[in-house]
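Worksheet: the structure to be examined is printed underneath.
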Amino acid sequence: MSNRELAKRVYWVGAVDWDIRDFHGYSTNRGSTYNAFLIVDEKITLVDTVKRNHLGQLIENIKRYIDPTKIDYIIVNHVELDHSGSLSEMIKLVNPEKVFCSPMGEKALKDHFHDFDWPLEIVKTGHEISLGKKTIQFIETRMLHWPDSMFSFIKEDGILFSSDAFGQHYASLERFDDEADMPAVMHEATKYYANILYLFSPLIKKLLQTITDMNLDIKIIAPDHGIIWRSHLDKILTSYSNWANGKSEKKAVIIYDTMWNSTEKMARAVGNGLEEKGVPVKLINLKCNHRSDAITDVLESRAVILGSSTLNNGFLPRMASFVTYMKGLKPINKIGAAFGSFGWSGEAVKHLNDIMGELKFDLIEEGYRIKYIPTDANLEECTEMGKRIGQAILEDNNQ
Ligand code: FEO
């Protein structure tokens, strides 16, 4: 069986994008894929399409199995243009009998493609259609991560087409979890959750419960990006449950920017304190790390410690960018602390505390500021602060 075949007469026909490095502000260092799937049954069905500039790959891949004009149905699980960018061209080519989408999908299609006369059929959670031997069941997943998003499930094969959920930006000719480099795939799945889904954690908790309640016999989860899950379903489902419930590891991340290296010295001293307590800690200098990697460490860490020099009564621009990004993604269940150097006004630490307070971080420190250049005694204070945070992490039972 080729690694393009998910089950009998169900094929991967998507596109691999080896070159993409930026996904609206999210760094995609390993590229991505736009997964689309073909079900060859009495009604030949295409599940999702690909980004517009990969239309050629989609058509070429469909032609491996059938003449694309023979497609009867198209399922639109999600209208974002990485999955519907080729929809208009595919509908022209195929002239399908039906195009299935959610109620919110209909609205989103009208707002994207405006005047069209497509044979839309609106489906809701629980709605089923027969393709002949196979049956598709639909599950609306509003706001995961767009209002229109939905899952489609082949009941006979146990294949869940999960749209963006459980995806990873990971370009690869391996298509299944048991073929791929799992630590790399899990890292990209974690990064995907942190950057795309984090703010929807309360809805993801409900979705996981809905799937359990529906008693679906899921054997394969096929997301629209990256590797398809068939041997490690437990791993990705447990990870989603942990992330959605705000569970993290007993470790800390120190994210900082520095003007004349004073805040950097403080960051290292705080890190030393955590190290002395035996708590794993990672230092992220925003000058040389991307915000989408920093937020991935936020997701994984129990404590988030932010440091910035004061500039113009606020914090440094890279920290401003990072905290704006972090606020939008709404991390949950974190211990927080702030530090930084200043020259005369020194507001950065207060502003960082305010933002973490809005996010309901547990602020176990007032925050530590020093003027211009830290003395050895100042750095010792930073190390003590790191030790106290480390101790709090070790004693923490809120997991
Ligand atoms: Fe991969 Fe929300 O599109």
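Just so you know, ligand 1 is whichever comes first in the structure, and atom 1 is the first atom listed for that ligand.
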So with a 6.0 Å cut-off around CH2 of W260, is the heavy-atom count from everything else above 12?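 Result for CH2/W260: open.
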
Cluster question for you: counting only ILVMFWY and a side-chain heavy-atom cut-off of under 4.5 Å, with indirect links fine, are Y198 and M143 together?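 They do share one cluster, since a chain of ILVMFWY contacts under 4.5 Å joins Y198 to M143.
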
Quick check: of its N, O or S atoms, which one does H225 have closest to atom 1 (Fe) of ligand 1?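 Among the N, O or S atoms of H225, the one closest to atom 1 (Fe) of ligand 1 is NE2.
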
How are the rings of F166 and F151 set to each other: parallel, tilted or perpendicular (split at 30° and 60°)?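 If you compare the ring of F166 with that of F151, the planes turn out tilted.
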
With sequence neighbours excluded, tell me which residues meet side chain to side chain contact (heavy atoms under 4.5 Å, CB included) with T310.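 Residues passing side chain to side chain contact (heavy atoms under 4.5 Å, CB included) with T310: F342, S345, E347, A348.
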
Would you call I71 and I62 a side-chain contact if the rule is heavy atoms closer than 4.5 Å?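 Result yes, sub-4.5 Å side-chain heavy-atom pair found.
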
Would T383 and E276 count as having a side-chain donor-acceptor pair, cut-off 3.5 Å?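 Note: T383 and E276 side chains miss the donor-acceptor criterion.
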
Tell me the protein N, O or S atoms under 2.8 Å from atom 2 (Fe) of ligand 1, in chain and number order.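 The answer is H78 NE2, E80 OE1, H145 NE2, D164 OD2.
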
